[in-house]
Amino acid sequence: MHALGIDIGGTGIKGAPVDVTTGKLLADRQKIDTPHPALPDPVADVVKQLTTSFNWSGPVGITFPGVVADGVTRTAANMDPAWIGMDAAALFAKATGNPVRVLNDVDAAGMAEMTFGAGVDEQGTVLMVTFGTGIGSALFVKGILVPNTEFGHIEVRGRDAEERASERAKQLHDLSWSKWAEHVDEYLQRIEALLSPDLIIVGGGISRQSEKWVPRLTGLRARIVPAALLNNAGIVGAAMATSSESAPDTSGASGTGH
Ligand code: BGC
């Protein structure tokens, strides 16, 4: 089973065809800068360009850095507010001429990690948290995703957690590794108090330098490991979401899916 995976981020939009049974990319991934402002039409145009560049015809899975319910983007903390309430699935289906599935970026990355990366065979409560422009989360219980958790936005010391503990916060406030790790540790302790995960997988670009900060997260009971798939987790998870077995059900109370 092959699908095209496209991962929409604040700085780049990446894509590659994926063998969803192995999690392997079938071609080198391509990356195009995210248009600014990141309005729906220009972003859909990039999605179209990626689809065309792989000469792709078939299912396309697409991530978005916000809540996605039943193909509709509901929040856009770090994207243009024009996305709020947009039927992104319809927009991308029209742009690509292919059947599409749209889901939250970290839900996608988490699905890929659970199947092919750091969460393989984990049966307990697993929380994936990514640190980038924002903080994203994906929660799994016995391998099943609870879609659209937004634990990057819990309040810590009166502020949205991603304002203190994202990678962007580290850069913006020029925080040392030890100071930033303190913020991350405090944030993850709050999450741990609420969810008691058995395993926390930390991802995002900054997990490539995990040795600089993960050993400093000493206040946690949960096992904590860096993500294994790094850059490709979103693409692989997006592609996986196109097959009904692995797709998160965000279709609402009926539970019938679409
Ligand atoms: C968004 C999440 C997203 C995360 C990582 C947050 O600001 O609210 O939906 O998963 O950033 O991109």
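Quick note: residue numbers are just sequence positions, from 1. As the structure lists them, so they are numbered: ligands from 1, and atoms in each ligand from 1. Atom set for the values below is all heavy atoms of this structure, side chains included, hydrogens, waters and symmetry mates excluded.
From the protein, the heavy atom lying nearest to atom 7 (O) of ligand 1 is Glu162 OE1, 2.9 Å. Glu150 OE1, 2.5 Å is the protein heavy atom nearest to atom 8 (O) of ligand 1. The shortest contact between atom 3 (C) of ligand 1 and any protein heavy atom is with Asp105 OD1, 3.4 Å. Remark: minimum distance from atom 11 (O) of ligand 1 to any protein heavy atom is reached at Ile135 O, 3.7 Å.
At least one heavy atom of Gly66 sits under 4.0 Å from some atom of ligand 1. Heavy atoms of Thr133 stay at 4.0 angstrom or farther from ligand 1.
Annotation: Thr130 places no N or O atom under 3.5 Å from an N or O atom of ligand 1; distance criterion only. Taking distance alone, with nitrogen or oxygen atoms compared against 3.5 Å, Asn78 approaches ligand 1 more closely than that limit. Ligand 1 has an N or O atom lying under 3.5 Å from an N or O atom of Asn104, backbone or side chain.
The pair Glu182-Arg216 does not meet the salt-bridge criterion, since no charged nitrogen lies less than 4.0 angstrom from a carboxylate oxygen. Between Lys24 and Asp19 there is no salt bridge, since none of the side-chain N atoms of the basic residue sits less than 4.0 Å from a carboxylate O of the acidic one.
A cation-pi arrangement is found for Lys170 relative to Trp177, the charged atom lying closer than 6.0 Å to the ring centre and inside a 45° cone about the ring normal.
Residue-level proximity to ligand 1 for Ala77 is carried by the side chain, the only part with a heavy atom below 4.0 angstrom.
Under the side-chain contact (heavy atoms from CB on, under 4.5 Å) test applied with Met79, the options Ile8, Leu39, Thr73 reduce to a single match, Ile8.
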